[in-house]
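Here is the structure we will look at, set down as structure tokens.
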Amino acid sequence: MPYTPINKCLPVTVDIRLQHRYSDIATNLSRTTHFNKIEVLRLLQLHYMLTKENTVPMDKLSFIQFMDVFLGVRNVDAVDKIFLLSCETNKQYLIGPEFVRVLSMLLKGTLPDLINFCFEVYTEMIRSPKYIKKEDVLLMARRNSMKMCKIINMEEYDQSFVDFVMTEVDKDRDNRISLEDYRKSVHENVAWLQFLGQVLPASSKKETFMRLFTNRPYVNNIQTTAAAITRKNRESIARMKSTTSQIDNIASSTSFSSDSTCLMINRGIPLSNRRKNQSASDGNYLTLF
């Protein structure tokens with residue numbers, strides 16, 4: 001077969017050698033991730049480049065730097081847990097296939113998968129395998145408060161945040177947030193997906209990074225799924241209104257923000273941090289194809 005370059009940043013001989021080395025791995029990963037074979041090959045070669053031609057492992061510090069520089073995720077506590085959850089072969093470093101799998105989740109994960117993923121990250125952060133308790137929410141709120149701008153009465157702010165979160169997310173009122181509570185809340189408003197701090201990259205960062213290794217158009221799976229849930233909710237509400245005359249004040253729409261990284265309280269009023277889905281490139285990345 002004629003040679004087709006995968007990565008123009010590498011010498012031709014190295015590119016050919018890596019294509020042969022990773023061919024079978026890329027085929028398998030293309031069946032279990034959201035990437036095709038060519039995209040997997042490019043990501044494996046990117047891992048090869050980031051680990052100085054496989055002479056040093058991608059350890060925790062290297063992964064934290066990667067998430068900061070390439071994907072704009074600076075929540076070190078969350079990134080630390082993402083690293084530990086992703087390292088299946090050896091807890092000390094992230095090998096190539098694991099690097100591809102975690103990027104598949106972070107960049108192209110579906111909303112149902114991301115609900116499970118983010119909840120697992122949060123429960124790992126608080127070291128509680130099944131539930132997030134009220135005191136855990138307060139602890140996380142205080143951690144986030146330390147990173148925010150000056151607010152005069154931060155303790156009161158944190159308590160207001162905790163009370164609001166438990167009211168909105170603890171659906172069964174047992175003073176703890178289960179995965180099912182969390183799932184129901186995200187389905188009502190996707191801003192709850194990252195209510196305890198950033199875990200996922202913003203859509204603009206995803207799109208910019210994906211230009212490194214694919215020419216396929218970027219699709220915001222979170223936004224797409226959220227829109228489908230919104231339509232379903234609207235249809236359900238419309239049916240209820242048409243059959244039950246007593247229902248007069250049900251909201252006819254739900255507002256979603258695919259890039260929300262947290263929920264904030266301002267004078268007791270819950271606000272979600274919404275930003276437009278913008279495509280931006282700062283020109284600092286090399287094109288691999």
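These figures come from a predicted structure and were not determined experimentally.
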Of all heavy-atom pairs between V199 and Q194, which one has the smallest distance, and what is that distance? N-OE1, 2.7 Å
Please name all residues satisfying salt bridge (Lys or Arg N to Asp or Glu O under 4.0 Å) with K171, sequence neighbours left out, ordered by chain then number. E188
Indicate yes or no for a side-chain donor-acceptor contact from E88 to the backbone of E98 under 3.5 Å, with no hydrogens or angles considered. no
Inspect the surroundings of CZ in R127 and state if more than 12 heavy atoms from other residues, nucleotides or ligands are less than 6.0 Å away. no
With D59 via salt bridge (Lys or Arg N to Asp or Glu O under 4.0 Å) - residues at least two apart: none
I'd like to check I222 versus L114 (side-chain heavy atoms, cut-off strictly below 4.5 Å). Are they in contact? yes
Could you list the residues that satisfy side-chain contact (heavy atoms from CB on, under 4.5 Å) with D172, not counting sequence neighbours? D170, D174, D181
Count I, L, V, M, F, W, Y as connected when their side-chain heavy atoms are under 4.5 Å apart, and connections chain through other members. Are I25 and V40 then in the same cluster? yes
Whether the side chain of T208 engages the backbone of K205 through a donor-acceptor N/O pair (distance < 3.5 Å, no angle test) should be reported. no
Separation of N75 CG from D68 CG (nearest 0.5 Å): 11.5 Å
Within 6.0 angstrom of E180 CD, more than 12 heavy atoms from elsewhere: yes
The reported gap from OH in Y22 to CG in L41 (rounded to nearest 0.5 angstrom) is 9.5 Å
Identify the two heavy atoms, one from R173 and one from T167, that lie closest to each other, and give their separation to 0.1 Å. NH2-O, 2.9 Å
Atom NZ of K108: over 12 foreign heavy atoms under 6.0 Å: yes
Less than 4.5 Å apart, any side-chain heavy atom of F83 and any of I64? no
Working for ring pair (Phe, Tyr, Trp, His ring centres under 6.0 Å), residues F119 and W192: CA-CA 11 Å; F119 189 80; W192 287 111; over 10 Å; no
Partners meeting salt bridge (Lys or Arg N to Asp or Glu O under 4.0 Å) with D80 (sequence neighbours left out): K60
Checking D15 against Q45: is there a side-chain donor and acceptor pair closer than 3.5 Å? yes
Quick check: is L84 connected to M140 through a chain of hydrophobic side chains (ILVMFWY, heavy atoms under 4.5 Å apart)? yes
Note, R17 side chain near V14 side chain (heavy atom, < 4.5 Å): yes
With rounding to the nearest 0.5 angstrom, report the OH to CZ distance, Y182 to F195. 6.5 Å
Please check if the side chain of E53 supplies one atom and the backbone of Y48 the other of a donor-acceptor pair under 3.5 Å. no
Can you give me the closest heavy-atom contact between L71 and P201, atom names plus distance? O-CB, 3.5 Å
Once you round to the nearest 0.5 Å, how far does CG of L44 lie from NE2 of H47? 8.5 Å
Assigning hydrophobic clusters by single linkage (Ile, Leu, Val, Met, Phe, Trp, Tyr; side-chain heavy-atom cutoff under 4.5 Å), is I38 placed with L107? yes
Salt-bridge present (K81, E120; N to O < 4.0 Å): no
Side-chain heavy atoms of L29 within contact of K37, under 4.5 Å: no
Assigning hydrophobic clusters by single linkage (Ile, Leu, Val, Met, Phe, Trp, Tyr; side-chain heavy-atom cutoff under 4.5 Å), is V100 placed with L50? yes
Using a 3.5 Å distance criterion without hydrogens, assess whether the side chain of K206 forms a donor-acceptor pair with backbone atoms of A202. no
Would you check if there is a donor-acceptor pair between the side chains of T27 and D24 at a distance under 3.5 Å? no
Tell me, do F70 and Q65 make a side-chain contact under 4.5 Å, heavy atoms counted? no
Note, L103 side chain near T33 side chain (heavy atom, < 4.5 Å): no
Under a single-linkage definition using a 4.5 Å side-chain heavy-atom cutoff for Ile, Leu, Val, Met, Phe, Trp and Tyr, are V56 and M49 assigned to the same hydrophobic cluster? no
Residues passing the salt bridge (Lys or Arg N to Asp or Glu O under 4.0 Å) test with D163, sequence neighbours excluded, are K134
If every non-hydrogen atom of P57 is compared with every non-hydrogen atom of T51, which pair is closest and at what distance? C-CG2, 4.1 Å
Keeping the roles fixed (side chain from Y218, backbone from R211), state whether a donor-acceptor pair exists under 3.5 Å. no
Are any of the side-chain heavy atoms of L196 and I132 separated by less than 4.5 Å? yes
To the nearest 0.5 Å, how far apart are CZ in R42 and CG in L18? 13.5 Å
Ring centres under 6.0 angstrom apart (F213, F35): yes
Between Q198 and L200, is there a donor-acceptor pair closer than 3.5 Å when you use the side chain of the first and the backbone of the second? yes
For H34, the ring-ring contact (aromatic ring centres under 6.0 Å, His included) test, sequence neighbours excluded, returns none
Can you find a pair of side-chain heavy atoms, one from L138 and one from F161, that are under 4.5 Å apart? no
Check step by step if side-chain contact (heavy atoms from CB on, under 4.5 Å) holds for M166 and I177. CA-CA 8 Å; M166 297 306 295; I177 299 171; 4.0 Å; yes
Give a yes-or-no answer on whether the side chains of T214 and E39 include a donor-acceptor pair shorter than 3.5 Å. yes
What's the separation between atom CZ in R101 and atom CG in L85, rounded to the nearest 0.5 Å? 13.5 Å
If we ignore angles and hydrogens, is there a donor and acceptor under 3.5 Å between the side chains of S185 and E168? no
For the ring pair F63 and Y93, is the centre-to-centre distance below 6.0 Å? no
